[in-house]
Amino acid sequence: ARAVARLFVLTAVARRHLRLAYYLAGPQIRQDLTLAEWETGAIPVVPYPVDPKRLAEPKVEFVHPAETEFRVLVWSRTHPAESQYFVIALIDTPRGWLVNTWAPAAGGAVPVG
């Protein structure tokens with residue numbers, strides 16, 4: 001689940017390799033969008049300018065046999081001193097772990113200094 005969460009951030013959230021991100025998205029995130037619609041980038045995923053070199057390892061917030069939730073710190077590629085916490089929840093499906101929720105965490109911005 002952790003590897004899927006990281007890959008989703010690097011693809012869907014960063015708006016890169018959207019075809020791959022489509023296959024990592026669960027039904028709540030996909031919202032019946034087709035692959036062609038998804039690839040336009042107009043997707044129900046809060047975007048962030050992810051710095052892939054500084055992406056923190058997702059920290060477990062909640063574990064259940066069919067669902068796992070992580071909190072992840074994402075650093076900005078465009079503003080290196082800025083970062084944001086997000087919550088990402090995955091569901092276990094016959095196809096493997098899929099991202100079903102992605103949202104800014106409460107009090108999400110991280111102060112610098």
Side-chain angles (χ1 to χ4, degrees):
R2 186 173 274 130
V4 172
R6 277 185 62 83
L7 192 53
F8 188 82
V9 173
L10 294 170
T11 57
V13 176
R15 297 301 196 269
R16 299 180 186 276
H17 310 289
L18 289 173
R19 177 177 292 265
L20 174 57
Y22 180 81
Y23 295 106
L24 301 174
Q28 189 170 307
I29 293 263
R30 272 200 198 171
Q31 297 182 4
D32 295 325
L33 292 174
T34 66
L35 176 57
E37 290 169 329
W38 186 273
E39 287 185 309
T40 68
I43 59 177
V45 175
V46 176
Y48 197 80
V50 179
D51 181 347
K53 295 176 187 156
R54 296 175 70 195
L55 179 61
E57 194 64 27
K59 303 287 186 206
V60 174
E61 291 284 306
F62 169 81
V63 177
H64 182 273
E67 183 179 355
T68 300
E69 183 178 290
F70 296 99
R71 182 177 176 100
V72 62
L73 177 62
V74 182
W75 287 90
S76 172
R77 174 181 33 80
T78 55
H79 298 93
E82 293 179 11
S83 60
Q84 172 80 35
Y85 276 109
F86 290 89
V87 174
I88 185 169
L90 293 88
I91 55 172
D92 193 10
T93 73
R95 291 186 18 228
W97 288 101
L98 298 177
V99 176
N100 222 32
T101 305
W102 170 258
V110 179
V112 176

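The two residues A21 and T11 come nearest to each other via the heavy atoms CB-OG1, 3.3 Å. Here the closest non-hydrogen pair linking I43 and A12 is CD1-O, 4.1 Å. Between W75 and P80, the shortest heavy-atom distance links the atoms CE3-O, 3.6 Å. When all heavy atoms of P104 and V46 are compared, the closest pair comes out as CD-CG2, 4.0 Å. Taking both residues in full, the closest heavy atoms of L90 and A1 are given as CD2-O, 3.5 Å, listed atom of the first, atom of the second, then distance. What you find for Q84 and A105 is that their closest heavy atoms are NE2-O, 4.3 Å.
One N or O on the side chain of E37 and one on the backbone of T34 form a donor-acceptor pair closer than 3.5 Å. Checking side-chain atoms of N100 against main-chain N and O of Q28 turns up a donor-acceptor pair under 3.5 Å. One N or O on the side chain of Y22 and one on the backbone of L33 form a donor-acceptor pair closer than 3.5 Å. A donor-acceptor pair under 3.5 Å is absent between the side-chain atoms of W38 and the main chain of R30, judged by distance alone. The backbone N or O of A81 lies less than 3.5 Å from no partner atom in the side chain of H79, so there is not a single donor-acceptor pair. In terms of modelled atom types and a separation under 3.5 Å, the side chain of R2 and the main chain of F70 share no donor-acceptor contact.
At least one side-chain heavy atom of V45 sits less than 4.5 Å from a side-chain heavy atom of R15. Between V74 and L55, some side-chain heavy-atom pair lies under the 4.5 Å cut-off. Put simply, the side chain of R71 does not reach to within 4.5 Å of the side chain of F62, judged on heavy atoms. Side-chain contact between V87 and T101: absent, with no pair of heavy atoms (C-beta onward) separated by less than 4.5 Å. With a 4.5 Å cut-off on side-chain heavy atoms, L98 and V4 do not count as touching.
Between F86 and W102, the ring-plane angle classifies as parallel under the 30° and 60° cut-offs.
With values rounded to the nearest 0.5 angstrom, F8 atom CZ is found 4.5 Å from I29 atom CD1. The line from CG of D51 to CD of E82 is 12.5 Å long, rounded to the nearest 0.5 Å. Interatomic distance, R77 CZ to R54 CZ, rounded to the nearest 0.5 Å: 13.0 Å.
Listed by chain and residue number, nothing satisfies the salt bridge (Lys or Arg N to Asp or Glu O under 4.0 Å) test with R95 (two or more places apart in sequence, or in another chain). With sequence neighbours excluded, the residues that form a salt bridge (Lys or Arg N to Asp or Glu O under 4.0 Å) with E39 are R19.
With W97 as the fixed residue, the side chain to side chain contact (heavy atoms under 4.5 Å, CB included) test singles out one of I91, T68, L24: T68.
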